[in-house]
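In what follows, every chain begins at residue 1, and chains take the letters A, B, ... in the order their sequences are listed.
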Amino acid sequence: MRSIRARSKVTAAMHTSRVAVALALTCAVGTVALAPGCREPLAAPIAAASPGDALPRSGGTVHFASFADVRSLDPAVASEAFGGSLIAQMYAGLVEYDFDGSVVPDLAERFELSPDGRAYTFHLREGARFHDGDEVTADDVKRSIERALHPSTPNPFASFCENIEGYAAYAGGKADALSGVVVGGRYVVTIRLETPDATFLPILAQYALRPVCKSAGARFEATWAPCGAGPLKLLPGGWERGRSLTLVRHDGYFRAGLPRIDSVTFAFQMPIATQRFKFEQGELDAVKDLNQSDFVQFTSDPRWKAYGEFDAEKEIWGESMNVEHAPFDNIEIRRAVAAAIDRSKYRKLKAGLLHEANQVIPRDVPLYDPNFKGQEESYEAALAHMANAGYAYDPISKKGGYPGVIPYYTYPQSYPEYSGQVLQQQLATIGLRIELRLVSYPAYLALTRRRGRVAISPQGWQADYPDPSDFFEALFHSKSIADEDSNNTSFYKNAKVDDVLDRAHGELETATRARLYGEANRIICDDAPWAFAYASRRYEVHHPYLRGYRTHPVWAYFLRDAWLDRTPVKALAALGLLGAPTAPLGGLR
Amino acid sequence: MQSGRGRPRPRARFLAHRGARVGVALVAAVVLFALVGPMLASHSPLASDFVRGIGDDQMPVGPSRHFLLGADRLFRDELARLAEGARLSLFIALSSTAVATTVGGVVGVLSGYYAGTWVDALLMRIVDVGLAFPFLLLVLAIGAALDETSAWTILAVLGLTGWLGTARVVRAKTMQVKALDFVAASRALGQSTWAILLRHIVPNVAGPLLVLATMSVAQMIVAESVLSYLGVGIAPPTPTWGHMLFEGQDYYASAPWLLLAPGTAIVVAVLGFNLVGEGLRDALDPRAL
Amino acid sequence: MRQRLARRLLSALLIVWAVTTVSFVISHVLPSDPARLVAGPQARPADVARIRTQLGLDRPIVIQYAHYLARLAHVGPTVADGAPVDPSHASCATVGPLHVDLGTSYQQRRPVVAILADRLPRTVFLGLAALVVQLALGVGAGVLAAAKRGSMLDHTAVGLSILGVSTPTFLLGVGLQFLLAHKLRLLPLDGFGRTFGEHAASIVLPALTLGIFGAAYYTRLVRDEMLDVLHDDHVRTARAKGLPERTVLTRHVLRNALLPLVTVVGMDLGALVGGAVVAEHLFRWPGVGALSVTAILDRDSPLIMGVVLVTSTAVVLANMLVDGVYALVDPRLRQ
């Protein structure tokens, strides 16, 4: 019968006799495959060709990469910070942020504020040109603002401009024009506000309202090819979605001689390890997406130390507690959490890239008060607050505390996934038990911003524009509460805070504003809708040959003043069989 | 084919198989590690040590007398986590394999035996839909339905997706066996369907099924780490080998032990299960006489 | 025969319909809001709500589904070359008067058909390359291991296949990238390239990553299946006839391994279209796999549906191909 056959037992025995060998081999190969690094040393920085020469030179292509992607290059609809930084360099605005974060004239030569504080008049530079060669005029400014705020435009920041006179009627579709934007001549445009507003200039300096070429028309169209008046312009066909973007110098840029580079390419969605390899090989000129391990290597290497720089710290993180949701409807429990968390431990998970934070504003945002103590950490106080709340906890017998287990919603592959575990360990010591629930980022956004859904979650806020109002109003003003999409994730409502914030919003006198925000800060830290935890910043290293490249307080990858001083790289590229295959315009370098 | 008469019984053959003995030893070691390891560990797998776990360079300390396998990125004892993780990893891998193999085997045999009938058509269309379904979306849906990613989500995902391929292969094998002369002969002799299935089909399909299952244990352990890569892994702070492997990858340059420790554990476990499977196959295969 | 084919096609259509419908439901009931993801995490409720309306997401899911089906394939104006496109058909791919409309991606604001047309050929290219690697390595190693059973070669092949299945693709990929592209600088670190030479060089790493993982399984399968028949009567007869060992192995033994192999190759073929998620992401290969992750993370429903349609069709087509090959390889199954 076919099924009866003899299998040689001899070979089977031989087979197993060498299993040990196979195992050893397997593990050896495994070690190589699994640990490609084993304390992999860093390559040396690539020196400038003429380090002694201080005079900037023109030409060359800069190569950057990012883990993120850019969804839109249209200022009217872009939503993410990374894309915003590129847009800011493609479209010049009436005003711009200076390196110290203040707002200075840009496309406008100068501007003045009316005595009642409600009308800003901008005087445009004559002869400033769009990428298509047309001159930028007051009509273009008005058209661009109306295009950005039109109800058919999916502009995520439109409501930031609600204080412009006539916004409600225009955005509601009841008016054909935005009455608050008035053209006063070819080079003069006035923007009138409903009320005096200290946030207007910082918001205007953002990218959303920046002038766009006439080809953009009066309404948003997804098929429009980006065109503005900034120092860099889109190379036709130079944007491959999700892959790469090439921007080239705008020769008609109003600042003569700038930018100095010929072009820049950005590669998108590049894994962090690939970025590091490419940077070390000189295929990337700078790298910003560093993991903790890379960061430590670069900052502890004396060869590299001089070529790295920290970003502005403009992102605050904390544990947001829902004041409508048990047990955090009890102020004493919230205070217990705020007192219990040991912020230095959060920092140690990402040493160097985080600072302890115990108040609403991160330190590089204007009006930050370094002397303000905020939420203070004290284990005894935390236990006392727990006792006041009626959930006394005895750390020795480990008895007492809050009886339930509280779900803590966070998302995977993020720093909060790890900081949440530290929080869990710390809250256990005061008798509060939390359990991490990892949900996808979209679900995290939806759930934590839904009323009555989530008791506690990690939340962060990055400055939309450099001003404290952004943090206070978005996170703690009652007007930011909604049943869905509530940016006030604590659902915190305090009439006194609302009033102080409203007054600060309209106050043009800096010292008074600082005092008002200081007051709001104190009340919020005490009410503890958030236990403030840490503020984060990023670190960027570049090769020494990329010169004049400075960190901008708002925009990443700010290239206006940068220049390349690099030895021709042909010899380097020959090391690889194929050089840099992904680099468009590779020949230019 | 009267199996085993006058020959060593399967158990004896299995025990005589040197590869199988090594495999059993490895699996036993891993299981022992899972059972006893957490009790022997001097550190808690969940507690960070912010004093001794941090090196001068602010990174987790490497293997040392205090932390035998070094500390992880939250400055916890890697060894304690490895031992704790062994439990869950083995549990997930074994139970999801059991689910996948049982369901896949039953579906595959039935479908293959009744090839061409509506039973086959229905079962295979279900498999087709399952195989054509986007894995990631399924994972997200299950995760969302359960409101969290826990060991059960992962088990559900791996079990629900793992049986499809098995069913296909088993079906093909069943059809092959069914076409052989002796099955036709049994049918001609009037044996019942059940008898044919149990006496002829299942024994002949069991070999490939076992190989699939042992490979599957391995794949399940690995798949768990891929789920972590896709962002739907186990909820922290619970350790699993797969999740530890995923967490270690960022630190390959400065803390390679975070990759090596779970990596080696996985390779040893996988090797053990494979060798056991090999031995079982040789011992059970009725044609190997 | 023709009736059989018609039945197969009908069931294929049903499968694709079932998969896309379930996906549609899932992508719409997940607790997340595409409008929020378009607007960004910090947008205000008023802006999110406006964008939600603009995307048509405020309509009931049944209406959205009906709209999706109605647009999927419909009759519209025939587009002449260079003529302006009717805005209501801007997101359509047309064959004469027949329009296929998969909608417009929420995030990219481009027609889904255009995005897929970019990505699909590249994914197929990578999938085939991976399959070649997989077959060459897997079948090669499997045959050698079976032929030289018990030898060092056999142990190495089995050992490597165990290592292969126990190494997740993301680690394997990073390891290969580190070794071949960073340390030895033999290959580009990532990418797709612009010329044929660059495409060919860039595809090596992702294809190897995918292929090695798959080959591990093929090695075992081929080896074990071959060992099963190595001592079969017809093999002995062939040997007794004095045929060279190589001929015996390829013509009589390997053939036995083909049927199960065809099954798994068929499944891999379908799965590689859109399933190469990790490798495409790691090496920035602009294919459907990387796209599917982005689409799902963005809850970009039109794009999700487009990807699901393409990938499920690929799987189903591969199935039909397998069935066809079955009939060729094993005449007994022809019924």
Side-chain angles (χ1 to χ4, degrees), chain A residues 2 5-7 11 14-15 18-19 21-23 25-26 29-30 33-34 36-37 69 71-72 79-80 151-152 154-159 222 241-243 267 269-271 273-274 277-278 281 440-443 445-447 461-462 464 474 480 482 484-487 575-578 581-582 584, chain C residues 30-33 36-48 50-51 54 107-110 149-150 152 154-156 158-160 162-163 167 171-172 174-175 177-179 181-182 185-194 197-198 201-202 231-233 281-282 284 286 291 294 297 299:
Chain A
R2 181 194 157 127
R5 65 175 75 121
R7 172 168 291 172
T11 51
M14 278 176 62
H15 181 217
R18 297 205 187 141
V19 156
V21 181
L23 175 65
L25 186 76
T26 306
V29 176
L34 291 177
D69 189 17
R71 267 68 181 271
S72 177
S79 64
E80 79 279 86
S152 70
N155 183 346
F157 296 119
S159 66
R241 308 291 186 112
R243 304 269 313 150
Q269 298 190 325
M270 187 182 286
T274 313
F277 295 155
K278 289 205 173 202
Q281 294 188 10
S440 66
Y441 182 64
L445 284 181
L447 295 176
W461 194 266
Q462 192 178 4
D464 291 305
S480 298
E484 297 279 342
D485 297 308
S486 180
N487 283 335
L575 280 177
L577 294 182
L578 289 145
T582 53
Chain C
L30 283 176
S32 52
D33 178 7
R36 162 59 88 174
L37 295 161
V38 170
Q42 300 195 174
R44 297 178 183 176
D47 296 314
V48 179
R50 193 183 63 250
I51 289 172
Q54 283 162 348
Q107 290 281 0
Q108 295 196 23
R109 298 193 169 90
R110 284 173 71 207
R149 186 170 193 203
M152 201 55 220
D154 185 18
H155 301 315
T156 313
V158 171
L160 284 178
I162 289 175
L163 188 70
T167 311
L171 272 189
L172 183 65
V174 170
Q177 185 190 42
F178 178 80
L179 196 69
H182 184 59
R185 303 208 181 180
L186 293 172
L187 293 163
L189 280 160
D190 69 352
F192 176 66
R194 306 176 85 75
E198 288 175 358
S202 321
H231 305 282
D232 246 5
D233 296 340
H281 168 75
L282 200 58
R284 297 181 66 240
L291 184 70
T294 318
L297 290 181
R299 300 292 187 270

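In terms of the side-chain contact (heavy atoms from CB on, under 4.5 Å) criterion, residue partners of C/R110 (sequence neighbours excluded) are, by chain and number, A/R241, C/Q108, C/A114, C/I115, C/D118. For C/L297, the side-chain contact (heavy atoms from CB on, under 4.5 Å) partners two or more places apart in sequence, or in a different chain, are C/V293.
For A/Y441, the part sitting under 4.5 Å from any heavy atom of chain C is the side chain, from C-beta outward, and nothing else. Contact of A/E80 with chain C is not made at all, since no heavy-atom distance falls under 4.5 Å. For A/S72, the part sitting under 4.5 Å from any heavy atom of chain C is the side chain, from C-beta outward, and nothing else. Residue contact with chain A, scored on non-hydrogen atoms closer than 4.5 Å, involves the backbone and the side chain of C/Q42 alike. When heavy atoms are compared at a cutoff of 4.5 Å, A/A474 does not approach chain C at all. Proximity to chain A involves both the backbone and the side chain of C/R44, based on heavy atoms less than 4.5 angstrom apart. Using a 4.5 Å cut-off between heavy atoms, A/N155 touches chain C through backbone and side chain atoms alike. There is no contact between C/L30 and chain A, counting heavy-atom distances below 4.5 Å.
When all heavy atoms are compared, the tightest approach of A/A446 to C/S32 is CB-CA, 3.6 Å. The two residues A/P151 and C/Q54 make their nearest non-hydrogen contact at O-NE2, 2.7 Å. Of all heavy-atom pairs spanning A/L447 and C/P31, the tightest one is CD2-CB, 4.1 Å.
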Practice task
Determine, step by step, whether C/L189 and A/Q281 satisfy the side-chain contact (heavy atoms from CB on, under 4.5 Å) criterion, reporting the C-alpha distance in whole Å, the side-chain angles of both residues, the deciding distance to 0.1 Å, and the verdict.
Solution key: CA-CA 10 Å; C/L189 280 160; A/Q281 294 188 10; 4.0 Å; yes
Practice task
Could you go through the side-chain contact (heavy atoms from CB on, under 4.5 Å) check for C/D190 and A/M270 one step at a time?
Solution key: CA-CA 9 Å; C/D190 69 352; A/M270 187 182 286; 3.6 Å; yes
Handout entry: Intermediate values then yes/no, side-chain hydrogen bond (donor to acceptor under 3.5 Å, both in side chains), C/R299 and A/S440
Key = CA-CA 11 Å; C/R299 300 292 187 270; A/S440 66; 2.7 Å; yes
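Taking the side chain as every heavy atom from C-beta outward, C/V38 and A/R71 never approach each other to under 4.5 Å. Annotation: side chain of A/Q269 is in contact with side chain of C/T294 (closest heavy-atom distance under 4.5 Å). The side-chain heavy atoms of C/R36 and A/P442, taken from C-beta on, include no pair separated by under 4.5 Å.
A distance of 11.5 Å separates CG of C/D47 from OG of A/S79, quoted to the nearest 0.5 Å.
Note on ring orientation: taking the six-membered ring where Trp is involved, the planes of C/H182 and A/F277 are parallel (angle under 30°, cut-offs 30° and 60°).
Looking only at heavy-atom pairs under 4.5 Å with chain C, the residue among A/A482, A/A222, A/A158, A/S486 that has the most is A/A158. Contact count versus chain C (heavy atoms, under 4.5 Å) is highest, among A/A273, A/G242, A/S480, A/S159, for A/S159.
Panel note: side chain A/N487, backbone C/P45; no donor-acceptor pair is recorded below 3.5 Å.
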